[in-house]
Amino acid sequence: VEKSSTLQKIENEQKTLSLVVSSVEKDLRIHIVNGKGKPVTGYVFNVRVGEDGLYKDSDRDGEIYISDLKPGEYRPLTEEEITALKTVNK
């Protein structure tokens with residue numbers, strides 16, 4: 001899977017990139033952190049959550065907040081994970 005130049009640059013600098021997800025009631029807070037658990041800032045991240053769409057960290061603070069989600073289970077996916085799943089499921 002070909003990675004975006006932004007993700008490749010982050011991986012080169014940070015070595016590890018993780019999504020830390022928390023939820024209270026109908027919201028979802030996604031933190032993008034490095035291997036030390038520190039927020040990765042300065043980059044625009046895109047995350048797809050269920051069928052509700054694509055959410056952006058447009059303020060580049062390493063956090064994406066989504067409110068008013070329907071009850072259910074969600075698995076946030078980065079653009080690279082979506083591409084990988086599409087490739088595997090062909």
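Worth saying up front: this structure is predicted, and the values here are computed from it rather than measured. Reckoned from all heavy atoms, side chains included, excluding hydrogens, waters and symmetry mates.
- No continuous path of ILVMFWY side-chain contacts below 4.5 Å connects Y43 to V33, so the two sit in separate hydrophobic clusters.
- Side-chain contact check for Y65 and D27: at least one donor-acceptor pair (N or O, by modelled atom type) lies under 3.5 Å.
- Here E25 contributes atom CD and S67 contributes atom OG; the two are 13.0 Å apart, rounded to the nearest 0.5 Å.
- Distance OG/S18 to CD1/I30: 13.0 Å, rounded to 0.5 Å.
- Expressed to the nearest 0.5 Å, how far CG of L28 lies from OG of S22 amounts to 7.5 Å.
- Once rounded to the nearest 0.5 Å, the distance linking CG of L69 with NZ of K26 reads 10.0 Å.
- Heavy atoms only, all atoms of each residue included: E63 and D57 are closest at O-OD1, 3.2 Å.
- Side chains of R60 and T41 form no contact here, defined as non-hydrogen atoms less than 4.5 Å apart.
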(request) Please report the C-alpha distance between L54 and V47 in whole Å, then the side-chain angles of each, then the deciding distance to 0.1 Å, and finally whether the side chain to side chain contact (heavy atoms under 4.5 Å, CB included) criterion is met. (result) CA-CA 6 Å; L54 191 64; V47 175; 5.9 Å; no
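- Here OH of Y55 is found 10.5 Å from CD1 of I64. Values are rounded to the nearest 0.5 Å.
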